[in-house]
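Only one structure is covered here, and it is reproduced in the block below.
What you are looking at is a predicted structure, and each value in this text was computed from that prediction instead of being measured. Just follow the structure's listing: the first ligand is 1, and inside any ligand the first atom is 1. Numbers here are sequence positions counted from 1.
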Amino acid sequence: MLLLIPGPVTTDARVKAAMAQDYAPWDNDFREGYRQVCDGVLQVAQGSPDEHVALALPGCGHFAVEAAIRSFVPPGGRLLAPSTGAYAARLQKLAGEAGRVAVPLAVGATERLDPAAMAAALERDPTLTHVALVYSETGSGICHDVPELARIAHALGRRVIVDAVSAFGALPLDVSALPAIDAVVLTANKCLEGLPGAAFVVARRDRLEAARGNAGSWSLDLADIYQHTLAPNAGPRFTPPAPTLAALAVALDLYRQEGREGRLARYTANMRALYDGVSELGLSPYLSRELQGPIVVNVHAPDAPTWHLQLFVDALKARGYVISNFTNTEQPTFRVGCIGAFGPDQMRQAVTAMGGALRDLGITRESAGVAPFLPQPLIA
Ligand SMILES: *Cc1c(COP(=O)(O)O)cnc(C)c1O
């Protein structure tokens, strides 16, 4: 079975195999491996060990997003949170529930965040200490230019929290070159191609020192987790998802072999195989080619009376491919992830299976609907 969802992703057999063991989290061998995994994550972020640190948190990505907001935005503090889609909406909700004020900035569902609009919003309201950005909006599939946006925020004296969960390891992000960034949030189970259960925050050491007392939650206090790392022979604070972290060590080895650019190129090839393939089937991708990011593709549901998302998902699963059985777009779509341990040949086979699944539903190329976008030339 190939997972074609935007995380957790299909993993290499060697990554899965690393889980098939019992690990004692406070054993000295595990402590060493734990620190190496954190250092490996920091390297991917291009952090410098003197200035930055990668902190591990057990759990899903949203826990780490909340931890970052709580730790860096003081209670009652205000952050600009551009409404780029479903995952930005979750971030706004996490902030609000944590007693921080997330000030939205309207962004069209199929638009990239306009740097000038962000700058104007920050200039209008000097009480906004932070801006929180989603790098790859999993709801739409659009990637926002986080490095450029972080530079602008820096020029305006503001701090940045990046939800890079679906982007980290594929899209470029150099924390050493972007001093405005307080936190980059990621998980093991997306572009790093590890297993679920471990989240991370890459942060600056000086900002973590200054963040003491902010969180209002011991569990989600990054400043406390950071203090814990400073002890000699430091290990995890509380019980970590040890098998997931052991698997991530293997996934990071494979990552280093492929390199960030190689990984992004493979995902981009997966995305193009899908984008072109569904167009061939007579379906229309939700985004224009220019806006389509490499992580996840939404496709307009066929305009056919027999269309039914769950039946399509089931018919595809019977052929060996799992896609999401929900979407985050206003219009009916289906969504397919392009990330994970597979390449464009497998994506082309998946597209063939999608054609078969559509036929099961009685939908043909002719009845599938007309593309709202003119086909654009392939970018080589
Ligand atoms: C996957 C994802 C998350 C985290 O999801 P969890 O289910 O909490 O792990 C956060 N932000 C984005 C953009 C994501 O794609």
### Task
Please find out if less than 6.0 Å separates the ring center of Y34 from that of W26.
no
#### Entry: Option passing side chain to side chain contact (heavy atoms under 4.5 Å, CB included) with T329 (candidates V299, T110, L287, N298)
N298
### Query
Is it true that E66 and R70 make a salt bridge, defined as a side-chain N closer than 4.0 Å to a carboxylate O?
yes
### Task
Taking only Lys NZ, Arg NE, NH1 and NH2, and the carboxylate oxygens of Asp or Glu, determine whether R319 and D360 approach each other closer than 4.0 Å.
yes
Show me a pair-per-line table, with atom names and distances to 0.1 Å, of protein N or O atoms that are under 3.5 Å from an N or O of ligand 1.
unit_1	atom_1	unit_2	atom_2	d
ligand 1	5 (O)	H62	ND1	3.3
ligand 1	8 (O)	G61	N	3.2
ligand 1	8 (O)	H62	N	2.8
ligand 1	8 (O)	H62	ND1	2.5
ligand 1	9 (O)	G61	N	2.8
ligand 1	11 (N)	D163	OD1	3.1
ligand 1	11 (N)	D163	OD2	2.7
ligand 1	15 (O)	T138	OG1	2.4
ligand 1	15 (O)	K190	NZ	2.7

### Query
So does E51 pair up with R204, basic N to acidic O under 4.0 Å?
yes
### Query
Of the non-hydrogen atoms in L222 and L57, which two are nearest, and what is the gap between them?
CD2-CD1, 3.5 Å
